[in-house]
Amino acid sequence: MARVDAGGRGRGSATIRAPMSIVTRFAPSPTGLLHIGGVRTALFSWLQARRHGGKFILRIEDTDRERSTDAAVRVIVDGMHWLGLDSDEGPYYQTQRFDRYRAVIREMLAAGTAYHCYCSKEELEQMRAEQTARKEKPRYDGRCRDRQAPVAGVPPVVRFRNPTDGEVVVKDLVHGDIVFRNAELDDLIIARSDGTPTYNFCVVVDDADMGITHVIRGDDHINNTPRQMNMLTALGHVPPAYAHVPMILGPDGAKLSKRHGAVSVLQYEEEGYLPDALLNYLVRLGWSHGDQEIFTREEMIALFDIGDVNKAASAFNPEKLLWLNQQHLMRARPSAVARYLKPHLARLGLPTDNEALIEGVIVAQRERTKTLKEMALASRFFFTDAVDYDAKAVAKHLTADARAMLVTLRERLAALATWDAPAIHAAIETFAAELALGLGKIAQPLRVAVSGGTVSPPIDQTLALLGRARTLARLEPGRY
RNA sequence: GCUCCCUUCGUCUAGAGGCCCAGGACAUAGCCCUCUCAAGGCUGUAACACGGGUUCGAAUCCCGUAGGGAGCGCCA
């Protein structure tokens, strides 16, 4: 396991920053909706910054104007906000920095670290085809490297002049040293023939300008890293520290896709997950702290270190997420949960103004529901008198005998001196003893009459929360 | 094809040579608790990819093999 210390220092050429302080960034491209894979990368970057009192920057990499969408940008911004992954700077948009990229390209052209290439796409395609036929790695052969004169009428692309000898060592915080021979690297295009800069180049300029000290990204970028480091070096910068984190697989072990996992992160809000639970689940994918499974946000910040992240990809396990969500539901302060439950109540058309009732419901329901959506659904009868009576439950539990029994029980409840769970419990127990019935014979009919179904929190707690007036109203004969 | 990365229970992981005939968690099976559903408790099934080394001793170090993955774009 790599234990390299954070030595990278970005010497921003546009802005000057405190050299020893950590700066990380999350740089998604808005070509698809932000999903949990991206969120975990964001989380790791955010944690690394927060842990070390550094800065976290959000940067939208939208240089692919064809495929970038506003909807995707919105999901990134809204998703990060929902999750509480606040950034200290940004969001920056690469499309707003084109002038800067062009300026750097001009510098490189002048310095000779970049050059014009007039090869046509067809020509390049043919070159690659020949190389593939020879079982070689397809790569640009550098035929325009030393070209002196432009080709009339052909708008050139700009290529980076990659060193041909020696090697590049990526001191990766999670993988350890990774060595690449420069001979394996070809001259990549940094500006298209229409003048727009390409991804690998923009990243380099931005990371340098923004003073990024730790680049934390998916390990699908490992192969881009040596060239980015070469460009950074060519521009006179010291490359930052890199940490390539493994990807997240679907539950079936295959690449994350729609249907499982690769849905918008906002989908998890809709399904009733707590931000902290999702973050807790995600942080444990590739990272651990002994046997601890449950982490508060504060604990994650205090304990996380990018150097402790695993190298192997991990599969997304929805069941464990569900379990963790409930664990957080049970541990969080009810007032904190209330904030997130309200939207779900509202979606069901239920009132959200009774804070005391909402918090009571949370306490009563949290150990029997795994999501907020489920909790809201199971708690409808607390908020509305329009109770849905389950026909099967009514038929089974509200028999003639039971109905008669409830009439008497209603009187007992009406006569109670105090209306709280212990008093209600005592009354029901006494009543059951008198009738020589098991508690279940009383509780189930009562539960169906009051909630409409066979499942609810303990009956005494349920009635206490519902209140005397509503309880008695629901026990009115003919009501159910 | 070439380059690079990865490999402990079904899944997430602990494990930095003896504490490991491998621990925890989810899931799963059984039991307990019990007014429903849960939550909780206890118990069980279940893994070091394979082969060689090194060593008194290897899940841990080295070398191979196999299997997965990524990249090789005027995509990011």
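Hydrogens, waters and symmetry mates play no part in the numbers below; they use all other heavy atoms, side chains included. In what follows, chains carry the letters A, B, and so on, assigned in the order in which the sequence lines appear, proteins first and then strands, with residues in each chain numbered from 1.
- No hydrogens or angles were tested; on distance alone, nothing pairs the side chain of Arg139(A) with the base of rC72(B) as donor and acceptor under 3.5 Å.
- rC56(B): Watson-Crick or G-U partner is rG18(B), with both key distances under 3.5 Å.
- Between Trp287(A) and Phe304(A), the ring planes are tilted. Angles from 30° to 60° get that label.
- Looking at residues two or more places apart in sequence or on another chain, you find a side-chain hydrogen bond (donor to acceptor under 3.5 Å, both in side chains) between Arg284(A) and Glu293(A).
- Remark: Thr454(A), Val455(A), Ser456(A), Pro457(A), Pro458(A), Ile459(A), Asp460(A) in residues 450-465 of chain A come within less than 4.0 Å of RNA chain B through at least one heavy atom.
- Shown here, rC72(B) forms a base pair with rG1(B); the pair counts as Watson-Crick or G-U wobble because both key distances fall under 3.5 Å.
- With respect to Arg25(A) and Asp206(A), no salt bridge is recorded, no charged nitrogen being found less than 4.0 Å from a carboxylate O.
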- Message: Treating primed atoms plus P, OP1 and OP2 as sugar-phosphate and everything else as base, which nucleotides of nucleotides 24-31 of chain B get B, S or - for protein heavy atoms under 4.0 Å?
- Response: BBBS----

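- Residues from residues 324-332 of chain A that place a heavy atom under 4.0 Å from any atom of RNA chain B, listed by number: Gln326(A), Gln327(A), Met330(A).
- With a 6.0 Å cutoff to the six-membered ring centre and a 45° limit on the axis angle, Arg159(A) counts as a cation-pi contact of Tyr140(A).
- Annotation: Phe295(A) is not in aromatic contact with His328(A) [ring centroid separation under 6.0 Å not met].
- Applying the salt bridge (charged side-chain N to carboxylate O under 4.0 Å, His left out) definition to pairs two or more places apart or across chains, those involving residues 187-197 of chain A are Arg145(A)-Asp187(A).
- Comparing rG15(B) with rC20(B), their C1' atoms sit 9 Å apart, to the nearest whole Å.
- Using the Watson-Crick or G-U wobble rule with both distances under 3.5 Å, rU11(B) pairs with rA25(B).
- Nucleotides rU11(B) and rG17(B) have their P atoms positioned 27 Å apart, rounded to a whole Å.
- None of His344(A), Gln365(A), Glu374(A) except one satisfies the side chain to side chain donor-acceptor pair (under 3.5 Å) rule with Ser379(A); the exception is Gln365(A).
- Nucleotide rC33(B) forms no Watson-Crick or G-U wobble pair with any nucleotide shown, as no partner meets the under 3.5 Å limit on both distances.
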- Using a 4.0 Å cut-off on protein heavy atoms (strictly under), produce a 5'-to-3' string for nucleotides 60-66 of chain B with B for base contact, S for backbone-only sugar-phosphate contact, and - for none. -------

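- Contact annotation: side chain of Arg368(A) to base of rC37(B), donor-acceptor pair present below 3.5 Å.
- Of all nucleotides present, only rC63(B) satisfies the Watson-Crick or G-U wobble test against rG51(B), with each distance under 3.5 Å.
- Residue side chain His244(A) fails the stacking definition with respect to rA70(B), as its ring centre and the base's six-membered ring centre are not both under 5.5 angstrom apart and under 30 degrees in plane angle.
- Residue Arg67(A) places no side-chain N or O under 4.0 Å from the OP1 or OP2 atom of rG73(B).
- Tyr118(A) and His116(A) have tilted rings, their planes meeting at an angle from 30° to 60° on a 0 to 90° scale.
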